[in-house]
K.L.:
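Before I ask anything, here is the structure I am working with.
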Number of protein chains: 2
Amino acid sequence: MAGTTREEIVSEADGLFYQQGFEHTSFADIAAAVGISRGNFYYHFKSKDEILSAVIELRLANTHAMLERWDREGGDPTVRIRCFIRILIANRAKIIRHGCPVGTLTGELAKLAHPSLSDAARLFTLFRDWLARQFMLMGRAQDEADEFALHLLARSQGVATLANAFGDTDFSDTGFAGTEFVEREVAGMCAWLDRIAAGN
Amino acid sequence: MAGTTREEIVSEADGLFYQQGFEHTSFADIAAAVGISRGNFYYHFKSKDEILSAVIELRLANTHAMLERWDREGGDPTVRIRCFIRILIANRAKIIRHGCPVGTLTGELAKLAHPSLSDAARLFTLFRDWLARQFMLMGRAQDEADEFALHLLARSQGVATLANAFGDTDFSDTGFAGTEFVEREVAGMCAWLDRIAAGN
DNA sequence: GTCTATAGCGAGATAGAC
DNA sequence: GTCTATCTCGCTATAGAC
């Protein structure tokens, strides 16, 4: 948590935008989280939109670093892709509560017709390009690799959306167990990946 | 468009909530769309949350009617399930612009910790139960039928989320063609369905 | 049932002292 | 660099005339 005030603002805004949404999060919320006054914001940022831009930049940097870490650690492209798929399990509690940080942000910005939507979509592009590269390392042509990448992205987004919609409420009456659903779909994606690795 | 004032309010609110989001849509927006004054709302509804409830009820009724129509028209469960899958194509322009009406609403209400989230999630339950029934008509056991239903729901949600995130912006630079992506994924879901119909 | 007028609140943003 | 005080605006909601 140590760092400059600016960094703490961006870090807290990041978390609050994820939990509450961008529009629903006020300066008062962020100020309370950081422990500074509202007026102090405008020394560091000219507007709320500038904070959003900084949050997106932070997420891009964090995502980039995570993908590079996976590149270094996993020796096999299928192992690395499995790292991606398993984010759903590693973060399942948060996903059930707040959805996917990328998908929910782009969804909100699309509704607001917000100019930063295209920047937020670059978070998807980061994953997409990285995934496509892994499939190319598995011997697939560029077009097919990109199709596979988008397919996996879409499936993980769908799991996150449903888990979020049902998650907190439906444990009792309809028998929807969010954790089991996520794990079953993750297993399905891994099986799909194995079929790809085996050459269709 | 004919109907009582109350019905017109709910109908216009339905469209605006879809296009702009619930929180981002003001009474002034709805009033302008309907052509009445802001104050007149409170004769018909006690609060904005009551309008949301009415919108969800309307969507539940419309969805229920659509599913019953599919039940009457398609003679074969696989034909009916294909009706569901092909909503993505029939509504692809709207989905690229505003996402899935159900997924984006539940996503927003989850961020707002809104009490109507569980009601909105019933829209998913409607599809889920209907799809599970079709799979059972295809000879699948209840548990498996429900897993298939959730799987199909999740995949269509993922397609909608990605199409919405990339859709309007990415036609130029990154070579993402929203329409082609949607059609490719729809074809993939239909192929999956055929494998299920053939008995795995 | 529909209107105008307005209350009350919280939001983003600004000014200026320290 | 951080604070307090304040401005302005748009929102939900209310009051009361017609």
Side-chain angles (χ1 to χ4, degrees), chain A residues 1-58 105 108-109 111-117 119-120, chain B residues 1-58 105 108-109 111-117 119-120:
Chain A
M1 283 297 159
T4 66
T5 300
R6 191 196 146 95
E7 284 167 346
E8 282 185 30
I9 290 174
V10 177
S11 171
E12 293 294 341
D14 181 23
L16 286 168
F17 289 174
Y18 177 41
Q19 293 165 32
Q20 307 183 342
F22 167 66
E23 197 176 26
H24 192 61
T25 299
S26 68
F27 279 106
D29 293 331
I30 306 173
V34 178
I36 60 173
S37 71
R38 267 158 294 152
N40 191 10
F41 276 107
Y42 295 87
Y43 174 81
H44 301 281
F45 299 95
K46 278 203 282 286
S47 69
K48 195 182 179 185
D49 284 350
E50 273 199 6
I51 299 184
L52 174 62
S53 293
V55 166
I56 292 173
E57 288 303 316
L58 173 67
L105 181 62
E108 179 175 5
L109 297 184
K111 294 256 187 264
L112 304 182
H114 197 286
S116 289
L117 170 59
D119 286 328
Chain B
M1 281 302 157
T4 67
T5 300
R6 190 196 147 95
E7 284 167 348
E8 282 186 29
I9 290 174
V10 176
S11 171
E12 294 293 341
D14 181 24
L16 287 168
F17 289 174
Y18 177 40
Q19 293 165 32
Q20 307 182 343
F22 167 66
E23 196 176 27
H24 191 61
T25 299
S26 69
F27 280 106
D29 293 330
I30 307 173
V34 178
I36 60 170
S37 71
R38 268 158 293 152
N40 192 8
F41 276 107
Y42 294 87
Y43 175 78
H44 301 282
F45 300 96
K46 279 203 281 284
S47 69
K48 195 182 179 185
D49 286 349
E50 273 199 7
I51 299 185
L52 174 62
S53 293
V55 166
I56 293 173
E57 288 303 316
L58 174 67
L105 181 61
E108 178 175 5
L109 297 184
K111 294 255 187 266
L112 303 183
H114 196 287
S116 289
L117 169 59
D119 287 327

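Note on naming: letters A, B, ... go to the chains in the order of the sequence lines (proteins, then strands), and numbering restarts at 1 for each one.
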K.L.:
Name the first nucleotide and the last nucleotide along DNA chain D (5' to 3') that come under 4.0 Å of a heavy atom in chain A.
P.N.:
D/dG1 to D/dT4
K.L.:
For C/dT14, take OP1 and OP2 only and decide whether either is under 4.0 Å from a side-chain N or O of A/Tyr42.
P.N.:
no
K.L.:
List the steps and the verdict of side chain to side chain contact (heavy atoms under 4.5 Å, CB included) for B/Asn40 and B/Ile9.
P.N.:
CA-CA 10 Å; B/Asn40 192 8; B/Ile9 290 174; over 6 Å; no
K.L.:
Tell me whether B/Ser116 contacts the main-chain N or O of B/Asp119 through its side chain, where contact means a donor paired with an acceptor under 3.5 Å.
P.N.:
no
K.L.:
Main chain of B/Phe22, side chain of B/Glu108: is a donor-acceptor contact present, judged purely on distance under 3.5 Å?
P.N.:
yes
K.L.:
Tell me whether the centres of the aromatic rings in B/Tyr42 and B/Phe27 are closer together than 6.0 Å.
P.N.:
yes
K.L.:
Go through the steps for A/His114 and A/Asp49 under the test side chain to side chain contact (heavy atoms under 4.5 Å, CB included), then give the verdict.
P.N.:
CA-CA 9 Å; A/His114 197 286; A/Asp49 284 350; 2.9 Å; yes
K.L.:
Where the side chain of B/Lys111 meets the backbone of A/Gln19, is there a donor-acceptor pair that is under 3.5 Å apart?
P.N.:
no
K.L.:
Whole Å only: how far is the CZ atom of A/Arg38 from the P atom of C/dA11?
P.N.:
9 Å
K.L.:
Roughly how many Å is it from CG in A/Asp49 to C1' in C/dA13, rounded to a whole number?
P.N.:
13 Å
K.L.:
Tell me which residues in residues 15-31 of chain A put a heavy atom below 4.0 Å from DNA chain D, sorted by number, or none.
P.N.:
none
K.L.:
Rounded to the nearest 0.5 Å, how far apart are CD1 of B/Ile51 and CG of B/Asp14?
P.N.:
12.0 Å
K.L.:
Under the side chain to side chain contact (heavy atoms under 4.5 Å, CB included) criterion, do A/Thr5 and A/Tyr43 qualify, and how do the steps go?
P.N.:
CA-CA 10 Å; A/Thr5 300; A/Tyr43 174 81; over 6 Å; no
